[in-house]
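This structure is a prediction, so every number in the text was calculated from the model and none was measured.
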Amino acid sequence: CPPSPPEDWRSILELLELEQGYLKTVFRYYCMEGSVGKEAAGAMTLLQFSKFSQAAKIPAKGRVDLGQVDRIFLRANQDRSEGIQEILKKKDKKKKKEVVNKDNELVVHEFVAALIRLAHARYREHPSISRRLETLINVNLKTYAMAGALDDTFTERMAEPASQLVLQEHRDKNVRVFNAACASDTTIGSDDNDTTMSLQEWMALCKAPELITADFTIREARQMFVQVNLDDELYVQEDEQNSADELVFDEFEECLCRAALELYPETDTDDFASGIRSFFEVFV
């Protein structure tokens, strides 16, 4: 028998509290899919939500189809000011012109609401919504959605002696670049913290030396920023300033090394260290 609604709701809240770091990581990861906009890490489009659901293997014959996934996205978009059919456009009667309704994206709490709806539709065999949501998280999200993303061994490659030697040789210069970039964003509304690097500051740094090319795109630079920050949502950080929205210095160094790998593909450990050295000498 299903639990009473209040009991089921308490179980849902306990589950969400337990998994909040993981769910925020999944959300942030898929917000970057195909995006180049400045605020992309904090909002998910319908296309990104659809790609997430397919990557997580949520659609299943006789249970959830892609059309239902789209409808769940629209229903979870709680801040919309119009009905479902009007979500993309609205008419300004005073100005007599059509304007785009910007609220056609999910923020994180709306994404969680959508997950609950998906779980409710996908796992009807379980009597409670909390059990359905737990199954969706453990089976679809943890098995498929983030396959490989959290098992990244790149930091281990950076820890190799040859790589550490190159990093040490260029550390003073990298620190100066990092500090200058952290203080570079002076626009109204920007974070006053000049000891960590924001996404905007990272992107500006990438564009300055013409690093952005066909071999290293804006999309890759943005995904890199999110990739090195994934564990900041999952684990308590010793450094209070080390949030998922900012780079501390060691994360900045990792971003540089990831960029080096994009521009100087390696075949063995020596090539990896050599690529980092070449990148630092040319771009930093």
Worksheet item: Can you list the steps and then say if Met197 with Glu251 is a side-chain contact (heavy atoms from CB on, under 4.5 Å)?
Response: CA-CA 10 Å; Met197 183 179 293; Glu251 293 171 335; over 6 Å; no
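- Ion pairing between a basic and an acidic side chain is recognised when a charged N comes within 4.0 Å of a carboxylate O; Glu110 and Arg75 show no such pairing.
- Phe280 and Leu165 fall into different hydrophobic clusters, where Ile, Leu, Val, Met, Phe, Trp and Tyr side chains are chained together by heavy-atom contacts under 4.5 Å.
- Between Ala221 and Met203 the shortest heavy-atom distance is CB-SD, 3.9 Å.
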Item to complete: Would you check, one step at a time, whether the test salt bridge (charged side-chain N to carboxylate O under 4.0 Å, His left out) holds for Arg131 with Glu125?
Response: CA-CA 10 Å; Arg131 179 73 176 113; Glu125 64 270 25; over 6 Å; no
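- Placement of Phe111 and Leu18 in two distinct hydrophobic clusters is found when ILVMFWY residues are connected by side-chain heavy-atom separations under 4.5 Å, directly or transitively.
- Residues Leu211 and Ile218 fall within the same hydrophobic cluster, defined by Ile, Leu, Val, Met, Phe, Trp and Tyr side chains chained together at heavy-atom separations under 4.5 Å.
- Residues Ala55 and Tyr144 come closest through the heavy atom pair O-CB, 3.4 Å.
- Checking Arg132 against His126 by side-chain atom types alone, no donor-acceptor pair falls below 3.5 Å.
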Item to complete: Assess whether side-chain contact (heavy atoms from CB on, under 4.5 Å) is satisfied between Leu141 and Leu23, documenting all intermediate values.
Response: CA-CA 9 Å; Leu141 272 62; Leu23 295 179; 3.7 Å; yes
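- The existence of a salt bridge linking Glu7 and Arg10 is excluded, since no basic side-chain nitrogen approaches an acidic carboxylate oxygen closer than 4.0 Å.
- Looking only at distances, a side-chain donor or acceptor of Arg124 sits under 3.5 Å from a matching main-chain atom of His120.
- A distance-only check finds a donor-acceptor pair linking the side chain of Asn77 to the backbone of Glu105 [under 3.5 Å].
- Taken from CG in Leu167 to CD in Gln164, the straight-line distance is 5.5 Å, to the nearest 0.5 Å.
- Checking side-chain atoms of Glu201 against main-chain N and O of Ser198 turns up a donor-acceptor pair under 3.5 Å.
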Worksheet item: Between Leu115 and Val26, does a side-chain contact (heavy atoms from CB on, under 4.5 Å) hold up when you go through it step by step?
Response: CA-CA 11 Å; Leu115 289 182; Val26 173; over 6 Å; no
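- Residues that satisfy the salt bridge (Lys or Arg N to Asp or Glu O under 4.0 Å) test with Glu253, not counting sequence neighbours, are Arg171.
- Heavy atoms only, all atoms of each residue included: Leu66 and Pro59 are closest at CD2-CG, 3.8 Å.
- Taken from CG in Leu247 to CZ in Phe178, the straight-line distance is 7.0 Å, to the nearest 0.5 Å.
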Worksheet item: Given the rule in the side-chain contact (heavy atoms from CB on, under 4.5 Å) test, do Val228 and Cys255 qualify, once you have shown the distances and angles that lead to the verdict?
Response: CA-CA 7 Å; Val228 302; Cys255 278; 3.6 Å; yes
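- We find the CD-CD distance between Glu19 and Glu14 to be 12.5 Å, quoted to the nearest 0.5 Å.
- Atom-to-atom distance recorded for Phe249:CZ and Glu254:CD is 12.5 Å, nearest 0.5 angstrom.
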Worksheet entry | salt bridge (charged side-chain N to carboxylate O under 4.0 Å, His left out) evaluation trace for Arg258 with Glu262 | CA-CA 6 Å; Arg258 287 179 181 272; Glu262 292 292 330; over 6 Å; no
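- The backbone N or O of Arg157 sits less than 3.5 Å from a side-chain atom of Ser163, completing a donor-acceptor pair.
- With a 6.0 Å cutoff to the six-membered ring centre and a 45° limit on the axis angle, Lys51 does not count as a cation-pi contact of Tyr30.
- Using a 4.5 Å heavy-atom cutoff, the side chains of Asn104 and Thr45 are not in contact.
- Looking at Tyr264, its side chain never comes within 3.5 Å of a backbone N or O of Ala259 through a donor-acceptor pair.
- Although no hydrogens or angles enter the test, the distance criterion places no donor-acceptor pair under 3.5 Å between the side chain of Asp8 and the main chain of Ser128.
- Put simply, Tyr29 and Leu47 are part of two different groups of oily side chains (I, L, V, M, F, W, Y) that touch within less than 4.5 Å, one to the next.
- If you take OH on Tyr123 and CG on Leu133, they are separated by 11.0 Å, rounding to the nearest 0.5 Å.
- The shortest non-hydrogen separation linking Val69 to Ser50 is CG1-CA, 4.4 Å.
- The two residues Leu118 and Phe52 have their closest heavy-atom pair at CD1-CE2, 4.5 Å.
- Salt bridge status for Glu281 with Lys173: absent, with no side-chain N to carboxylate O gap under 4.0 Å.
- Remark: the backbone N or O of Thr217 is paired with a side-chain donor or acceptor of Glu220 at under 3.5 angstrom.
- Between Phe252 and Trp202, the two ring planes are perpendicular [angle over 60°; tilted spans 30° to 60°].
- Thr143 contributes a side-chain N or O that, together with a main-chain N or O of Asn138, makes up a donor-acceptor pair within less than 3.5 Å.
- Here CD of Glu169 is found 11.0 Å from CG of Asn174. Values are rounded to the nearest 0.5 Å.
- In this structure, Arg122 contributes its side chain and Ile58 its backbone to a donor-acceptor pair below 3.5 Å.
- Residues Ala56 and Asn140 come closest through the heavy atom pair O-ND2, 3.0 Å.
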